[in-house]
2 protein chains.
Amino acid sequence: MSQLKSQENKKGADDTATRILDAAEVLFAENGFAGTSARDITSSAGCNVASINYYFTGKDNLYKQVCKRRLNALRDFRINSINDYMAQSPEDISLEGLLYNFSRAFLAPLIEEASGRNVMKLMVREMLFPQLPANMVFEELILPMSTVLQDAMVKVCPGLGERQALWSIFSLVGQLLHTMHIQDMLSSNSGEKFSNPFEVSSAVDHIVAFTVAGVEALIA
Amino acid sequence: MSQLKSQENKKGADDTATRILDAAEVLFAENGFAGTSARDITSSAGCNVASINYYFTGKDNLYKQVCKRRLNALRDFRINSINDYMAQSPEDISLEGLLYNFSRAFLAPLIEEASGRNVMKLMVREMLFPQLPANMVFEELILPMSTVLQDAMVKVCPGLGERQALWSIFSLVGQLLHTMHIQDMLSSNSGEKFSNPFEVSSAVDHIVAFTVAGVEALIA
DNA sequence: AAAAGTATAAAACATTTGTTTGAAAAGTCA
DNA sequence: TGACTTTTCAAACAAATGTTTTATACTTTT
């Protein structure tokens, strides 16, 4: 019994260190690094202020760990998703299918979990206004993900150059992120200023169709 | 002589209040609201800490004024740019011309001034992670701008529905912003991980061609 | 030139910040 | 049980925060 509890506490969800990570993720995503105090985090996590320096060496490292925890999982999920799609028999592969599959994987955190929005917010924040040295989000997420998708697109699209593929990826990801942000705004603004029906899946449909046409125009 | 200097000081560039606004704009864009201290601002502006509370009532209001100063100018410039284009004789108007014209206007701060990047960063920051109540950027920039462009697109593109036009605008703006961000990353990352040649004007060429194809696919 | 008004600055204000300390509590293992 | 480690917490720390005060310089007006 006590051994079981011990094992649970090592990795369990109510482990203090994990509770701090979870609380910090929400607050960092919402209010940024400088906008979140150590006491905000620990009071939200239900523990003492000193715990941040006990489990993590300080606020800076805590932020780093919060980012790292999600970065690898996000990257692997997206890359695996691309590779899985490309592993199909060739006649089942198409540009539209590839981009649709990738877009769903890209937005998966938003679609699946409720906490997914925090993860996305945190990543976008760290991408646009990096707090960490060495541009972790770029090196460990954007660059490897783009490279894999670039190769896949070139394979699927005969006649599409590498640079054209890369720019098309920027176009696609730009649309996905921006649509996400607009949706976020609309949901916080109660008034439906734009005729609202803004669902994730229909947005993906639009963006993929839009992008396929754009890519094909590059080849022609 | 003293009268001349007085007039200069009322609106001149080395007016203390203006110097504070300028310094605050750079620092807020770079480090965010919470990440910028009052002393950071005043030491950068070359004046005393108390000046923030003398000219503006406090840090909060200063931030508000920093945003307001650019918001209206940005919105008017973009909207006027659209209206100017649409005021041409009909045979000179095309979808490609409209989108190209808009894209150049959208990125104008980046293209023209060196300080333009700060303005863009500040706006993006306030759009994604608003500090101000009432979502100023959305209400006073995105919404009016989108509405005007939406009307223009529907006029230029027979058969394009209003909602399709709006989604196309999101696609276009998403690409413009994301390209800007990627470029910003590449310029800060010394290593040229992506084969670099990433110039604003060629990026706009790609994005406009890409978007025109996307829009035409919606109509067909 | 004297008076009135405006602008600047140094110092002090009370809070809040991240981090450290030292001791008490809980858990582990002989 | 009793020694040992790990975890938790209240309290204290110096440094930094936004803001206010008070006095001094500068400008304008009379």
Side-chain angles (χ1 to χ4, degrees), chain A residues 1-67 131-133, chain B residues 1-67 131-133:
Chain A
M1 167 58 180
S2 74
Q3 283 181 3
L4 178 64
K5 195 177 176 193
S6 158
Q7 283 180 3
E8 279 179 348
N9 278 353
K10 293 277 183 189
K11 298 249 174 188
D14 44 7
D15 182 49
T16 301
T18 309
R19 258 169 31 236
I20 291 177
L21 279 173
D22 290 338
E25 181 176 277
V26 175
L27 292 169
F28 283 148
E30 202 70 32
N31 311 114
F33 179 78
T36 304
S37 76
R39 285 169 181 81
D40 287 340
I41 297 170
T42 52
S43 86
S44 168
C47 62
N48 192 272
V49 211
S51 303
I52 285 187
N53 283 278
Y54 180 76
Y55 286 104
F56 313 87
T57 59
K59 193 189 163 192
D60 292 87
N61 183 254
L62 169 60
Y63 180 78
K64 193 174 170 183
Q65 299 304 325
V66 167
C67 289
Q131 304 280 349
L132 300 171
Chain B
M1 167 60 184
S2 73
Q3 283 182 1
L4 179 64
K5 194 178 176 191
S6 158
Q7 283 180 3
E8 279 178 348
N9 279 355
K10 293 278 182 187
K11 298 249 176 190
D14 44 7
D15 182 49
T16 300
T18 309
R19 263 173 21 240
I20 292 177
L21 278 174
D22 290 338
E25 181 176 277
V26 175
L27 293 170
F28 282 147
E30 202 70 33
N31 311 114
F33 179 79
T36 304
S37 76
R39 284 169 181 81
D40 288 340
I41 297 170
T42 51
S43 85
S44 168
C47 63
N48 192 272
V49 211
S51 302
I52 285 187
N53 283 278
Y54 180 76
Y55 285 104
F56 313 87
T57 59
K59 194 189 163 192
D60 292 86
N61 184 253
L62 168 61
Y63 180 78
K64 193 175 172 185
Q65 299 304 324
V66 166
C67 289
Q131 305 279 349
L132 299 172

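Reckoned from all heavy atoms, side chains included, excluding hydrogens, waters and symmetry mates. By convention in this document, chain letters (A, B, ...) are assigned in the order of the sequence lines, proteins followed by strands, and residues within each chain are numbered from 1. The model shown is predicted, which means the values in this text are computed figures rather than measured ones.
- A straight line from CG of B:Asn31 to C1' of D:dT17 spans 15 Å, rounded to a whole angstrom.
- Under the side-chain hydrogen bond (donor to acceptor under 3.5 Å, both in side chains) criterion, no residue pair touches residues 47-57 of chain B, with sequence neighbours excluded.
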message = B:Ile41 vs B:Val49, test: side chain to side chain contact (heavy atoms under 4.5 Å, CB included). Steps then yes/no.
response = CA-CA 8 Å; B:Ile41 297 170; B:Val49 211; over 6 Å; no

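- One can place CD1 of A:Ile41 at 10 Å from P of C:dT19, the figure rounded to the nearest angstrom.
- C:dG18 atom P lies 7 Å from atom CZ of A:Arg39, rounded to whole Å.
- For the pair A:Asp60 CG and C:dT19 P, the computed distance is 6 Å after rounding to whole Å.
- Residue B:Ser37 has a polar side-chain atom (N or O) positioned under 4.0 Å from OP1 or OP2 of D:dT17.
- For the pair A:Lys59 and A:Phe33, the tightest heavy-atom approach, listed with the atom from each and the gap, is NZ-O, 3.0 Å.
- Taking each heavy atom of B:Arg19 and B:Asp14 in turn, the nearest pair found is NH1-O, 3.0 Å.
- Annotation for B:Asp40 and B:Gly35: closest pair OD2-O, 4.2 Å, computed over non-hydrogen atoms.
- Using a 4.0 Å cutoff on non-hydrogen atoms, the parts of residues 42-59 of chain A near DNA chain C are A:Val49, A:Ala50, A:Asn53, A:Gly58, A:Lys59, ordered by number.
- Between B:Thr16 and C:dT8 there is a side-chain polar atom (N or O) within less than 4.0 angstrom of OP1 or OP2.
- A donor-acceptor pair is defined here as one N or O able to donate and one able to accept, closer than 3.5 Å; such a pair exists between the side chain of A:Thr36 and the backbone of A:Leu27.
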